[in-house]
Amino acid sequence: MRIGYPCINRTIGCTPSRTFRLSSYTDNRLMDTVRENLACLAKILAYNEKYHLLFFRVTSDLVPFASHPVCTFRWQEYFSGEFERIGKYIRNHRFRISMHPDQFVLLNSPDEGVLRRSIAELVYHVQVLDLLGLDDSAKVQIHVGGVYNNKSASIERFVKRYELLDTSILNRLVIENDERLYSISDCLAIYKQTGIPVIMDTFHHSLLNNGEKFAALLQPVRQTWKAADGIPMVDYSLQEPGKRAGTHAEHINADDFRHFLATTLAADFDVMLEIKDKERSALEALGIAREDPRLVTGDPPQA
DNA sequence: CAGTGTCAAGGTGGA
DNA sequence: TCCACCTTGACACTG
């Protein structure tokens, strides 16, 4: 099991998510921003390596406007050396990497324009992982999409669209349950029609389920991941006390995380902590996981 | 220079 | 039919 956190690090004083307004787009602005974002990504990975946080989600903001028509600059070629360098570091240290395009990627939208932009965005995400030279265990996770007043028709549309995607996308794409529309069971049903691996989100599952226990779903979900996909990924989060249902916690709750590990002990997976204080909670989670020597790969860092 | 309204992109659901 | 909300950091303008 590897433990990780998404996208940004609040300790080291840089962000890999620098961006700018579309209205101020220039190729030079893009070059400067991407250069800084990549430099920061490299710093975060060095930090993560030092503390044995070996699972990391790369921000979608790495290359701003990458899938927008305004961006005709060949950033893939211009930065290929830097991507290669970072990718080598990732491979050498056996990091697990994921990416998570946001809400605008909707493969099952009835709107062809939305579909077209969604695919362009997926192409961008896959290009980043390809440029890093990562194998098919580096995943791009999306949600199933909208319901559009007809869930079964929307699932059917997802399946049909999925089958038309390029292999380079198919090899990396996984679907995650959300908290309002598509449960883990829905995702498993879609897997049966497509073969797409399913990524479980504990917090979403607590808000939308059909009465199944999370632990009981681990085994069926495990089978959706082929050998080349690596071990399953799981998103872990919990409710922020006193906030609207669905609000992610500011900080990890040690008891809850310990309980989560205990109930899932039989399964092997990588855990992404979607908790707002990022690496701080991830470090605490790692400490908790190390209470049980069966759980975490790698030696503790030397003092 | 701190505070704050806004930002490429979509969809849901309550009023 | 309209609007708030999701989720959220970072930009860029305002005073």
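Order of the sequence lines fixes the chain letters, A, B, ..., with proteins taken first and strands second; residue numbering starts at 1 for each chain.
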Does [N] have OP1 or OP2 under 4.0 Å away from a side-chain N or O of [X]?
{"X": "A:Arg117", "N": "B:dA8", "value": "no"}
{"X": "A:Thr19", "N": "B:dC7", "value": "no"}
{"X": "A:Ser24", "N": "C:dA12", "value": "yes"}
{"X": "A:Arg10", "N": "C:dT8", "value": "no"}
{"X": "A:Ser109", "N": "B:dG11", "value": "yes"}

* **No-H, no-angle donor-acceptor pair, A:Ser67 side chain to B:dA8 base, under 3.5 Å** =>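 Between B:dA8 and A:Ser67, which were checked side chain against base, a qualifying N/O pair under 3.5 Å is present.
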
For [N], which nucleotide is its Watson-Crick or G-U wobble mate, given both distances must be under 3.5 Å?
{"N": "C:dT8", "result": "none"}
{"N": "C:dC2", "result": "B:dG14"}
{"N": "B:dA9", "result": "none"}

[X] near the nucleic acid: base, sugar-phosphate alone, or nothing, with a heavy-atom cut-off under 4.0 Å?
{"X": "A:Gly145", "value": "nothing"}
{"X": "A:Tyr148", "value": "sugar-phosphate"}
{"X": "A:Val70", "value": "nothing"}
{"X": "A:Arg29", "value": "sugar-phosphate"}
{"X": "A:Glu179", "value": "sugar-phosphate"}

* To do: Between A:Thr247 and A:Cys14, just flag the one whose closest nucleotide in DNA chain C comes earlier from the 5' side.
  =>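 Between the two, 5'-proximity favours A:Thr247.
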
The side chain of [X] is closest to which nucleotide in this list: [options]?
{"X": "A:Arg18", "options": "B:dA8, C:dT8, C:dC11", "result": "C:dC11"}
{"X": "A:Arg180", "options": "C:dA10, B:dA8, B:dT12", "result": "B:dT12"}
{"X": "A:Gln103", "options": "B:dT12, C:dA10, B:dG10", "result": "B:dG10"}
{"X": "A:Phe65", "options": "B:dG11, B:dA8, C:dT7", "result": "B:dA8"}
{"X": "A:His248", "options": "B:dG13, C:dT8, B:dG10", "result": "C:dT8"}
{"X": "A:Ile8", "options": "B:dT12, C:dG9, B:dC7", "result": "C:dG9"}
{"X": "A:Val114", "options": "B:dA8, B:dG11, C:dG9", "result": "B:dG11"}

* Asked: OG1/A:Thr202 to CD/A:Glu274 distance, rounded to the nearest 0.5 angstrom?
  ->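 The CD atom of A:Glu274 is 8.0 Å from OG1 of A:Thr202, to the nearest 0.5 Å.
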
* Mind checking the CD1-CG spacing from A:Ile8 to A:Leu41? Nearest 0.5 Å is all I need. =>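 Atom-to-atom, A:Ile8:CD1 and A:Leu41:CG are 13.0 Å apart.
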
* To do: Name the orientation class of the two ring planes belonging to A:Phe79 and A:Phe73 (parallel below 30°, tilted from 30 to 60°, perpendicular beyond 60°).
  =>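 Answer is perpendicular, since the angle exceeds 60°.
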
* Does atom NZ of A:Lys160 have more than 12 heavy-atom neighbours from other groups under 6.0 Å away? ->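 No, because the 6.0 Å sphere around NZ of A:Lys160 holds 12 heavy atoms or fewer from other groups.
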
* Give a yes or no on this: more than 12 heavy atoms of other residues, nucleotides or ligands lie within 6.0 Å of atom NE2 of A:His259. =>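 Open.
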
[M] and [N], which share atom name [atom1], separated by this distance in whole Å:
{"N": "B:dG14", "M": "C:dT7", "atom1": "P", "value": "15 Å"}
{"N": "B:dT6", "M": "C:dA4", "atom1": "P", "value": "12 Å"}
{"N": "B:dA8", "M": "C:dC2", "atom1": "P", "value": "24 Å"}

* To do: Work out which heavy atom in A:Lys139 is nearest to a heavy atom in A:Arg172; give both atom names and the distance.
  =>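 Distance-wise, the nearest heavy atoms are CD-O, 3.1 Å.
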
